[in-house]
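Worksheet: the structure to be examined is printed underneath.
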Amino acid sequence: MSEVKPLDGRVAIVTGAAGGVGRATVDLLTRRGASVVAEDVDAAVAGLEGPKVATVAGDVRRAETARKSVETALSRFGRLDILVNNAAVIITKDILATEEDEWNDLMAVNVTGVFHHCRAVLPHMIAQKRGSIVNVSSISGLVGLPLQAAYCASKGAIVQLTRQLAVDYAASGVRVNSVAPGSIDTPFLARYLESQPDPAAAEREIKAAHPMGRYCGPEEIAEPIAFLASDASSFITGAILSADGGYVAR
Ligand SMILES: NC(=O)c1ccc[n+]([C@@H]2O[C@H](COP(=O)([O-])OP(=O)(O)OC[C@H]3O[C@@H](n4cnc5c(N)ncnc54)[C@H](O)[C@@H]3O)[C@@H](O)[C@H]2O)c1
């Protein structure tokens with residue numbers, strides 16, 4: 001007898017799917033039984049294509065990318081249950097060094113991208129009276145961190161949009177939650193470390209800031225995402241789930 005998996009028959013969209021957390025999430029959701037539309041601006045996302053994975057190359061800043069992912073979910077897999085808003089970029093500058101264009105561009109990816117994708121999926125989720133949206137925020141959305149003016153502001157916006165949407169759509173059967181990761185071993189973190197004057201010292205400092213004394217692998221963020229996407233979290237909405245080795249606990 002074949003094993004029943006928690007996400008059997010479910011269909012998800014994952015943005016930023018070519019990156020560290022995105023790829024791990026696509027992998028875990030499919031192993032748990034879901035079919036996934038993997039979306040990324042990086043054309044390398046096409047490499048994830050498979051029987052349970054459709055891919056969409058597009059920019060989250062554009063509403064039409066979100067619409068294309070929804071159409072792909074419906075045409076290829078026949079339904080849509082889960083949205084994981086994961087794509088993001090970081091600028092490591094204080095506010096005085098941040099140019100207006102840089103600010104606007106980061107906000108367009110990290111915040112407006114989430115806006116477009118929520119707007120594209122919600123009508124379907126409301127109509128079927130079921131859905132789960134998981135927004136990837138950050139410790140940077142919960143505490144102030146040096147040289148992350150635009151990034152902290154964007155992740156704080158995701159935290160509040162999560163709570164706001166949870167309230168608006170709870171009665172419609174749509175749950176909206178967020179995973180707030182600490183530092184994750186992905187290309188994103190590697191780029192951040194490279195931008196520091198002394199990358200090795202920055203790495204030691206980051207690890208020491210996490211009470212567990214390490215950063216995590218992308219699969220350790222995919223797990224809480226999959227939990228919030230599944231019925232195992234059926235009474236949870238508006239939650240910001242810290243997955244940060246204790247970072248914000250102290
Ligand atoms: N890595 C960390 O230390 C860390 C810590 C806390 C939170 N996060 C969050 O985790 C999430 C995933 O980050 P990651 O570490 O996997 O990063 P990553 O850089 O490995 O992956 C991000 C992906 O987003 C895609 N992307 C960027 N701009 C895009 C756009 N305009 N349109 C579509 N796709 C776009 C990139 O191509 C990339 O594949 C992000 O929301 C990030 O803010 C990361």
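Whatever order the structure lists ligands and atoms in, that order sets their numbers, starting from 1. Only heavy atoms go into these numbers, but all of them, side chains included; no hydrogens, no water, no symmetry mates.
- Residue contacts with ligand 1 include G182, since one of its heavy atoms falls under 4.0 Å from the ligand.
- When only interatomic distances are considered, the shortest N/O to N/O separation between V60 and ligand 1 falls below 3.5 Å.
- For Q128, the CD atom counts as densely surrounded, since its 6.0 Å shell holds more than 12 non-hydrogen atoms of other residues, nucleotides or ligands.
- In this structure, a donor-acceptor pair under 3.5 Å is present between the side chains of T162 and N135.
- More than 12 heavy atoms of other residues, nucleotides or ligands sit less than 6.0 Å from atom CZ of R76.
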(request) For the pair F77 and V37, evaluate side-chain contact (heavy atoms from CB on, under 4.5 Å) and give the outcome as yes or no after the intermediate values. (result) CA-CA 9 Å; F77 303 122; V37 177; 4.3 Å; yes
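- A salt bridge does not link R10 with D8: none of the charged nitrogens is closer than 4.0 Å to a carboxylate oxygen.
- For atom 16 (O) of ligand 1, the closest non-hydrogen atom of the protein is V21 N, 2.8 Å.
- Ranking protein heavy atoms by distance to atom 34 (N) of ligand 1, first place goes to V41 N, 3.4 Å.
- Scanning all protein heavy atoms for the shortest distance to atom 15 (O) of ligand 1 gives T186 OG1, 2.5 Å.
- Considering E102, E100, M107 as possible partners of N104, the one that fulfils the side chain to side chain contact (heavy atoms under 4.5 Å, CB included) test is E100.
- Close approach of ligand 1 to S183 is summarised as follows: ligand atoms under 4.0 Å from at least one heavy atom of the residue are 3 (O).
- Proximity of E39 to ligand 1, defined as any heavy-atom pair under 4.0 Å, is not found for any part of the residue.
- The shortest distance between side-chain heavy atoms of K129 and V174 does not fall below 4.5 Å.
- Residues meeting the side chain to side chain contact (heavy atoms under 4.5 Å, CB included) test with A202, sequence neighbours left out: L193, Q196.
- Close approach of ligand 1 to S138 (heavy-atom distance below 4.0 Å) involves ligand atoms 6 (C), 7 (C).
- Of all atoms in ligand 1, numbered sequentially from 1 with element shown, those under 4.0 Å from a heavy atom of D59 are 30 (C), 31 (N), 32 (N).
- For the pair I225 and V21, the minimum side-chain heavy-atom distance is below 4.5 Å.
- Considering both main-chain and side-chain atoms, G22 never comes within under 3.5 Å of ligand 1 through any nitrogen or oxygen pair.
- Ligand 1 places these atoms under 4.0 Å from at least one heavy atom of V89: 27 (C), 28 (N).
- Among protein heavy atoms, the minimum distance from atom 11 (C) of ligand 1 is reached at N86 OD1, 3.1 Å.
- Using a 4.0 Å cut-off between a side-chain N of Lys or Arg and a carboxylate O of Asp or Glu, D231 and R130 qualify as a salt bridge.
- For ligand 1, the atoms lying closer than 4.0 Å to a non-hydrogen atom of S137 are 7 (C), 9 (C).
- Here the heavy atom of the protein found nearest to atom 9 (C) of ligand 1 is V136 CG1, 3.8 Å.
- Nearest protein heavy-atom contact of atom 39 (O) of ligand 1 is D40 OD2, 2.6 Å.
- Counting the atoms of ligand 1 from 1 in the order shown, those under 4.0 Å from a heavy atom of G58 are 32 (N), 33 (C).
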Could you tabulate the donor-acceptor pairs under 3.5 Å formed by side-chain atoms of residues 182-190, not counting sequence neighbours?
from : atom 1 : to   : atom 2 : distance (Å)
T186 : OG1    : F188 : N      : 3.2

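- Minimum interatomic distance between P224 and E220 (heavy atoms only, all atoms of both residues): CD-O, 3.0 Å.
- Near R191, meaning under 4.0 Å from one of its heavy atoms, ligand 1 places the atoms 19 (O).
- Of all protein heavy atoms, the one closest to atom 24 (O) of ligand 1 is G16 CA, 3.5 Å.
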(request) Please assess L28 against E219 for the test side-chain contact (heavy atoms from CB on, under 4.5 Å), listing each intermediate value before the final yes or no. (result) CA-CA 8 Å; L28 184 60; E219 63 290 343; over 6 Å; no
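- Considering both main-chain and side-chain atoms, P181 never comes within under 3.5 Å of ligand 1 through any nitrogen or oxygen pair.
- The shell of residues lying under 4.0 angstrom from ligand 1, judged by heavy atoms, includes Y151.
- Atom 44 (C) of ligand 1 has I184 CD1, 3.5 Å as its closest protein atom, hydrogens excluded (heavy atom only).
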